[in-house]
Amino acid sequence: QLAISDPQAALWMLLDVIRLGQDHARGRTDLMLAMIGTAIASGAVEHAHAILDTTKPAKLDELAAALEVLLASEPSFGEVAASDTPRVAIDFALSGLEPDSWVPPGGKRKQHAQPIDASDPDRYGGAMQLMAFSRLAPLKIAHACPADASLGGCFNGFTRPAIPVPSDGTPRSLVQQALVEATMSQLVFTLRDYVVKRAQHHSDLIALRLHVEAMRHGCDRRALTELATTPALGDAVQVTYAADAFVVRPPAWATSAIPAEPLTRRIACPPTGTP
């Protein structure tokens, strides 16, 4: 309703929602919270495009500057990825190994495991395995996807063979190595999918910036090309042109890695533009 009565106010509110979605992935949070943030921000970007499709708002220069800030403040995927397994271990392993009086960091929550009876070898052994995994997995993740890496860099890092878990050759160490490696191979596929989803959202945010730029100065290809890449993405979105519009797609690596049709954004060139 606000988008109809006051599209200018609606756009600025949507930028706040995008920032809220980004903030879900800050502060060494876990993957679930980060992906919820991606969904929040993606919905806001979608609505912002819809407003720009029908309305030319005032203060386009200010809107463009605000989008530049959002693009530059993309949260670190590597930090989230490396923080996820310790959080899972606290919630589902350590909380089960400690007595009921133990208070986890941040206080108790519903998902925390109840204390495990040490005479239950399956649950107790599973918790110990998860603790061992959470100690080694962040090191492997950080090697493939450092905290300062771009989304493209993390995708490449998760595509390459991971560094092996160290072993001192003892039976215990070899068993731990095998368990961690087997679990890690599945986690890497999940992390790579999450990187792709985050890259698709960031690409659509770039498309929103290009949308505003087309409204400001027309479809000047040189100007749009300069805005088609960001350090956070580590690549350029794909831009193809028609006589009256251009289409924005995520980078090739973020489209070929998923079976579904990749997100595309068709943006009209205003009459003053030069296609």
Side-chain angles (χ1 to χ4, degrees), residues 14-15 18 21-22 25 35 37-39 41-53 60 63-78 144-145 149-160 189 191-275:
L14 288 168
L15 294 191
I18 295 169
Q22 289 183 334
M35 294 312 294
T38 297
S42 295
V45 172
E46 179 75 28
H47 287 299
H49 275 293
I51 291 174
L52 294 181
D53 283 340
L60 283 172
L63 186 60
L67 286 168
E68 292 282 356
V69 172
L70 288 173
L71 288 166
S73 62
E74 173 77 18
S76 163
F77 186 86
C145 176
S150 67
L151 291 166
C154 287
F155 178 83
N156 290 333
F158 290 135
T159 302
R160 294 190 299 267
F189 283 114
L191 291 173
R192 193 174 68 172
D193 286 346
Y194 280 169
V195 169
V196 167
K197 291 175 184 177
R198 189 70 200 176
Q200 289 182 339
H201 158 69
H202 190 79
S203 295
D204 203 26
L205 187 59
I206 293 175
L208 187 61
R209 175 66 183 89
L210 298 180
H211 205 155
V212 171
E213 190 65 19
M215 288 183 157
R216 292 172 75 204
H217 302 302
C219 297
D220 180 272
R221 295 191 184 188
R222 180 178 298 179
L224 295 178
T225 298
E226 291 178 354
L227 296 170
T229 183
T230 65
L233 185 61
D235 203 344
V237 295
Q238 303 179 78
V239 183
T240 55
Y241 295 90
D244 60 347
F246 62 95
V247 175
V248 182
R249 295 181 177 85
W253 55 266
T255 59
S256 61
I258 55 173
E261 179 68 21
L263 177 66
T264 61
R265 187 68 62 185
R266 187 180 188 277
I267 299 169
C269 287
T272 55
T274 53

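- Closest heavy-atom contact between Ala44 and Ile18: CB-CG1, 3.6 Å.
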Quick one, His211 with Asp53, criterion side chain to side chain contact (heavy atoms under 4.5 Å, CB included). Give me CA distance, side-chain angles, the key distance, then yes/no.
CA-CA 9 Å; His211 205 155; Asp53 283 340; 3.0 Å; yes
Determine whether Gln238 and Thr240 satisfy the following criterion, side chain to side chain contact (heavy atoms under 4.5 Å, CB included), listing intermediate values before the conclusion.
CA-CA 7 Å; Gln238 303 179 78; Thr240 55; 5.7 Å; no
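- At a threshold of 4.5 Å between non-hydrogen side-chain atoms, the residues Arg198 and Pro75 count as touching.
- Taking each heavy atom of Ser150 and Pro231 in turn, the nearest pair found is CB-O, 3.3 Å.
- Taken to the nearest 0.5 Å, the CD atom of Gln200 stands 9.0 Å off from the OG atom of Ser42.
- Heavy atoms only, all atoms of each residue included: Val195 and Leu151 are closest at CG1-O, 3.3 Å.
- Taking the side chain as every heavy atom from C-beta outward, His202 and Val237 never approach each other to under 4.5 Å.
- Residues Lys197 and His201 have side chains not in contact (no heavy-atom distance under 4.5 Å, counting atoms from C-beta outward).
- Ion pairing of Glu226 with Arg222 is absent here, as no side-chain N (NZ or NE/NH1/NH2) approaches a carboxylate O to less than 4.0 Å.
- Interatomic distance, OG1 of Thr38 versus OH of Tyr194, reported as 10.0 Å (0.5 Å rounding).
- When all heavy atoms of Cys219 and Ala214 are compared, the pair lying nearest together is SG-CB, 4.2 Å.
- One distance of note links CD1 of Ile206 with CG of Leu233; it measures 5.0 Å at 0.5 Å rounding.
- Put simply, CZ on Phe155 and CG on Leu191 are 12.5 Å apart, with the number rounded to the nearest 0.5 Å.
- Side-chain N or O atoms of Glu213 include none that pairs as donor or acceptor with a backbone N or O of Leu224 at under 3.5 Å.
- A distance of 6.5 Å separates CG in Asp204 from CD in Glu46, rounded to the nearest 0.5 Å.
- Between His49 and Val45, some side-chain heavy-atom pair lies under the 4.5 Å cut-off.
- A donor-acceptor contact closer than 3.5 angstrom is absent between the side chains of Glu74 and Thr230.
- Residues Arg266 and Asp244 are paired through a salt bridge, judged by an N-O separation under 4.0 Å between the basic side chain and the carboxylate.
- Across all non-hydrogen atoms, the minimal contact from Phe77 to Cys145 is CD2-SG, 4.0 Å.
- A distance of 5.0 Å separates CG in Leu208 from CG in Leu67, rounded to the nearest 0.5 Å.
- Aromatic ring pairs are classed by plane angle as parallel below 30°, tilted from 30° to 60° and perpendicular above 60°; the pair Tyr241 and Phe246 is tilted.
- Side-chain contact check for Leu227 versus Glu68: some heavy-atom pair is nearer than 4.5 Å.
- Annotation for Leu52 and Met215: closest pair O-CE, 2.8 Å, computed over non-hydrogen atoms.
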